[in-house]
Protein chains: 2
Amino acid sequence: MPEIDAERLLGDLRALAAIGAYRTGVHRPTFSPDDMRARHWLLARLEEAGLDASIDGIGNVIGRTREAGPVLLLGSHVETQPHAGWLDGALGVIYGLEVARTLGRGIDVAAWADEEGHYASMPGSRSFIGALSEADIEACVNRDDGTPLRAALARAGLADRPRAQLEAERYLGYLEAHIEQGDELDTSGLRVGVVTSIVGIWQYRIRFEGMQNHAGTTRMAIRRDAGVALVRLAAAIDRRFPEIAGPRTVWTTGRIVLHPGAPSVVPGSAQMLFQIRDADPDRLASLEGELERLVAEADAGPCRVQLERLSASMPTLMDPRLQLALEQAAEHHAAGAHIRMPSGAGHDAQNLARRLPAAMLFIPSIGGISHHYDENTADPDIVLGCQVLATAAESILTEKSGGDTARNAQ
Amino acid sequence: MPEIDAERLLGDLRALAAIGAYRTGVHRPTFSPDDMRARHWLLARLEEAGLDASIDGIGNVIGRTREAGPVLLLGSHVETQPHAGWLDGALGVIYGLEVARTLGRGIDVAAWADEEGHYASMPGSRSFIGALSEADIEACVNRDDGTPLRAALARAGLADRPRAQLEAERYLGYLEAHIEQGDELDTSGLRVGVVTSIVGIWQYRIRFEGMQNHAGTTRMAIRRDAGVALVRLAAAIDRRFPEIAGPRTVWTTGRIVLHPGAPSVVPGSAQMLFQIRDADPDRLASLEGELERLVAEADAGPCRVQLERLSASMPTLMDPRLQLALEQAAEHHAAGAHIRMPSGAGHDAQNLARRLPAAMLFIPSIGGISHHYDENTADPDIVLGCQVLATAAESILTEKSGGDTARNAQ
């Protein structure tokens with residue numbers, strides 16, 4: 001049974017959190033100076049651990065063991081959301097580093113670039129699996145300031161580097177550890193989650209076109225107020241969705257804009273961004289059907305209402321054999337304190353799962369807080385999660401030496 | 001009976017509309033280069049008409065007849081909303097100029113600065129009646145780019161100029177003509193409105209405080225979504241207000257902001273700007289009471305909800321004697337095609353009415369469109385309105401010569 005070094009693990013997590021520290025958390029947007037410092041810091045740690053490490057042309061930091069393989073790939077990401085937490089992403093990367101050091105064999109470690117989507121949806125892991133073209137890269141710009149991804153890569157010193165490509169035969173599978181970011185483990189007193197699937201995320205833009213007019217002289221009876229149309233649809237969703245949603249379905253209106261947005265002007269147009277998440281593709285489809293029905297109802301009113309689907313990722317199932325290895329390790333180190341659960345958030349594992357057996361392990365988020373600098377996990381839970389991952393990784397590697405690979409069990 | 005010069009009137013309106021022309025309308029924000037060009041253009045027209053004209057330290061353009069008085073004051077404003085119409089404001093100023101030229105006596109003309117509120121609520125007419133202190137001016141900033149009013153005045157070449165002050169004994173009263181900006185005249189085929197009162201406008205900011213969190217991992221049951229709280233309150237207002245509003249009450253949610261406004265983040269805070277208008281102060285008070293009740297109900301939910309009253313102008317009654325003069329002139333030129341009606345919009349007349357008998361005349365807005373470059377009025381209606389105003393002004397001046405002033409009738 002491998003034994004991780006708890007002090008070394010926590011020390012590395014804290015050292016990484018010091019780069020771009022913000023209040024109790026971290027501010028390290030992708031390819032910012034602090035983010036690049038973090039990538040180079042990680043590169044040095046991977047090399048110290050005896051891995052061949054490099055940063056590729058999309059910003060992925062990858063450390064490879066010198067063995068021929070097949071080996072396991074462990075990873076997550078190191079950039080953060082703005083003014084966010086110290087563990088989101090960093091945890092899975094430093095776990096990978098610590099497991100590589102502990103086992104001393106059979107582990108590659110990766111930090112995928114821009115999982116947090118400052119420029120695109122998980123371009124690092126998509127690049128690695130061969131699902132990001134040069135044209136895709138050309139089209140990516142920073143969501144806040146519009147900087148082209150190409151320019152950001154050049155400024156980060158990564159222009160003209162090759163992009164690492166997955167050799168599928170090198171790997172038994174991919175394991176990613178992450179904080180849960182929800183409160184299920186925390187409120188139930190459980191310490192480890194074994195992820196069964198990653199939810200599908202279906203995103204929509206809904207546009208309302210009415211007639212902009214004077215808020216004093218335009219009688220209520222003749223108004224075509226795009227803001228009122230938006231409020232009525234959002235309220236209808238709020239009433240109707242709980243009746244048809246599943247127990248873990250979530251839906252969110254993250255943005256509302258009224259145009260022109262002046263206190264004395266009846267809004268002439270309006271827009272909302274709406275999102276549905278569920279692990280069941282049939283349920284996603286039926287919720288979308290209900291949304292279409294409500295939009296059609298709204299469109300029968302005084303304003304024109306248009307629904308545009310921006311994206312629709314399918315739910316991703318985690319590999320059953322890798323799940324079992326994680327569960328057995330969790331039972332060994334924390335008997336009865338683990339649970340199988342879906343991930344409500346997207347992760348790089350959903351990309352790796354398109355080419356490799358993949359699985360994820362969750363540890364508790366205190367209060368379920370994430371994407372906020374108050375995000376935290378108790379030290380004993382951080383240590384336990386890494387120990388479970390090390391034990392699972394060793395058992396997968398050992399099983400493979402016995403001639404039965406998780407891969408073949410697919 | 002005075003006879004205005006229709007060609008001269010329309011020619012001047014079109015010449016003014018050419019300054020800052022935008023599509024079929026005008027873009028002349030207060031103290032922009034085009035707005036200052038318009039003020040200087042007007043100054044020259046007033047001087048050509050034999051008035052002593054000047055631009056004062058707040059940007060008011062005032063032309064005075066050389067008679068001792070008492071005389072009539074006619075006016076409105078020349079700056080516009082962004083990308084707005086050619087008649088809103090300009091009409092009343094050019095009517096004043098044309099009436100001064102037609103009567104050749106007894107008329108002062110004013111273009112009040114910033115009725116459109118780029119920097120403050122009608123600072124020009126407030127300055128003229130002595131209701132704008134130097135401290136008020138210090139506090140004013142541009143609503144779009146934050147430029148201090150002082151800096152804008154300096155850039156416009158108006159720093160250190162004196163601000164013109166009303167000498168109440170000089171005036172029999174104030175008359176302001178304006179497009180209706182609503183559709184009541186247009187849809188009923190009427191051609192002149194005699195304004196009975198200017199509505200009170202009560203404005204509110206409503207703030208919602210919830211808990212920002214991850215839109216994938218935070219279960220619906222534990223969310224404190226500030227955006228959902230806002231939508232529920234806005235929907236409750238939308239259901240409840242029609243049951244208790246008067247026939248001419250209007251209410252508007254002009255702005256909604258969710259924070260942080262990202263598609264995958266449960267909004268942690270939200271804000272809406274809400275406004276009620278009515279000519280009856282008791283009804284305004286009872287609607288505010290209902291709003292307070294709905295906000296308290298919302299505050300009992302998972303988010304904290306706070307109502308802040310930003311302003312509450314009282315309805316302003318127009319002078320009965322001046323109304324009668326306008327009505328008699330309207331009956332003379334357009335028998336049966338005029339009506340008494342309240343103004344749903346605020347106007348400089350509400351400030352002048354605090355110190356002088358004041359009244360307003362409306363002409364139709366095609367389709368009720370205003371604050372939009374499509375705003376328009378048929379030429380014959382534009383000409384008729386000015387003829388009515390000239391006839392009313394002459395009768396008021398004549399009546400006064402007969403020893404009975406509108407002022408004394410107050």
Side-chain angles (χ1 to χ4, degrees), chain A residues 82 117 180-184 187 199 201 203 211-220 222-223 225 227-228 230-232 234-235 238 242 245 248-258 260-268 270 273-275 277 310 343-346 365 368-372, chain B residues 81-82 117 143 180-184 187 199 201 203 212-220 222-223 225 227-228 230-232 234-235 238 242 245 248-258 260-267 270 273-275 277 310 343-346 365 368-372:
Chain A
E180 180 198 342
Q181 305 182 277
D183 72 335
E184 184 163 335
T187 57
V199 293
I201 308 178
Q203 307 214 57
M211 178 69 199
Q212 180 177 328
N213 225 318
H214 191 293
T217 54
T218 314
R219 292 178 294 119
M220 299 309 289
I222 64 158
R223 291 190 179 195
D225 184 326
V228 167
L230 182 149
V231 162
R232 288 179 186 171
D238 179 47
R248 288 174 184 277
T249 314
V250 290
W251 59 95
T252 307
T253 299
R255 185 180 297 178
I256 292 176
V257 178
L258 307 188
S264 288
V265 183
V266 176
L273 294 182
F274 183 68
Q275 181 186 91
R277 300 188 187 215
L310 299 176
S343 169
S365 294
I369 297 168
S370 182
H371 288 187
H372 189 282
Chain B
Q81 289 287 339
R143 68 188 181 197
E180 180 198 344
Q181 305 182 278
D183 72 335
E184 184 164 336
T187 57
V199 293
I201 308 178
Q203 306 214 56
Q212 181 177 327
N213 225 318
H214 191 293
T217 55
T218 313
R219 293 178 293 123
M220 299 308 288
I222 65 159
R223 291 190 179 194
D225 184 325
V228 167
L230 182 151
V231 162
R232 288 179 186 171
D238 180 46
R248 288 175 184 276
T249 314
V250 291
W251 58 96
T252 307
T253 298
R255 184 179 298 178
I256 292 177
V257 178
L258 307 189
S264 289
V265 183
V266 177
L273 294 182
F274 183 69
Q275 181 186 91
R277 299 187 187 217
L310 298 176
S343 168
S365 293
I369 296 169
S370 182
H371 288 187
H372 188 283

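Per chain, numbering begins at 1; letters A, B, ... match sequence-line order.
- A 4.5 Å side-chain heavy-atom check between A:I256 and B:V231 finds at least one atom pair inside the cut-off.
- Using a 4.5 Å cut-off between heavy atoms, A:T249 touches chain B through its backbone atoms (N, CA, C, O) alone.
- The contact between A:P263 and chain B is made by backbone and side chain atoms together, counting heavy-atom distances below 4.5 Å.
- Among the candidates A:L273, A:T187, A:D238, A:I201, the residue making the largest number of heavy-atom pairs closer than 4.5 Å to chain B is A:D238.
- Contacts between B:Q81 and chain A at a heavy-atom distance below 4.5 Å are absent for every atom of the residue.
- Of all heavy-atom pairs spanning B:G254 and A:P267, the tightest one is O-CG, 4.2 Å.
- Expressed to the nearest 0.5 Å, how far OG1 of B:T253 lies from CG of A:L230 amounts to 11.0 Å.
- If you measure heavy-atom distances from B:R223 to chain A, the contacts under 4.5 Å come from the side chain alone.
- The parts of A:Q181 that come within reach of chain B are both its backbone and its side chain, each placing non-hydrogen atoms under 4.5 angstrom from that chain.
- The heavy-atom pair separating A:T252 from B:V265 by the smallest distance is CG2-O, 4.0 Å.
- When A:S264, A:G368, A:G261 are compared by the number of non-hydrogen pairs under 4.5 Å with chain B, A:G261 comes out ahead.
- In this structure, B:V250 and A:M220 have side chains that are in contact, with non-hydrogen atoms separated by less than 4.5 Å.
- From A:H214, atom NE2 reaches atom CD1 of B:I369 across 14.0 Å, with rounding to the nearest 0.5 Å.
- Proximity to chain B involves both the backbone and the side chain of A:R219, based on heavy atoms less than 4.5 angstrom apart.
- The residue among A:M211, A:E180, A:E184, A:R232 with the most heavy atom pairs within less than 4.5 Å of chain B is A:R232.
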Point to revise | Full working for side chain to side chain contact (heavy atoms under 4.5 Å, CB included) between B:D183 and A:T218 | key: CA-CA 7 Å; B:D183 72 335; A:T218 314; over 6 Å; no

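- Both the backbone and the side chain of B:A234 come within contact range of chain A, judged by heavy atoms closer than 4.5 Å.
- Between A:R255 and B:A262, the shortest heavy-atom contact is NH2-CA, 4.4 Å.
- Top candidate by heavy-atom pairs under 4.5 Å with chain B, chosen from A:A345, A:A215, A:S343, A:G182, is A:A215.
- Across A:V266, A:D225, A:I222, the residue that shares the most heavy-atom pairs under 4.5 angstrom with chain B is A:I222.
- Contact of A:H371 with chain B is made through backbone and side chain together, with heavy-atom distances under 4.5 Å.
- Using modelled atom types, one finds no donor on one side chain facing an acceptor on the other under 3.5 Å when comparing A:T217 with B:R277.
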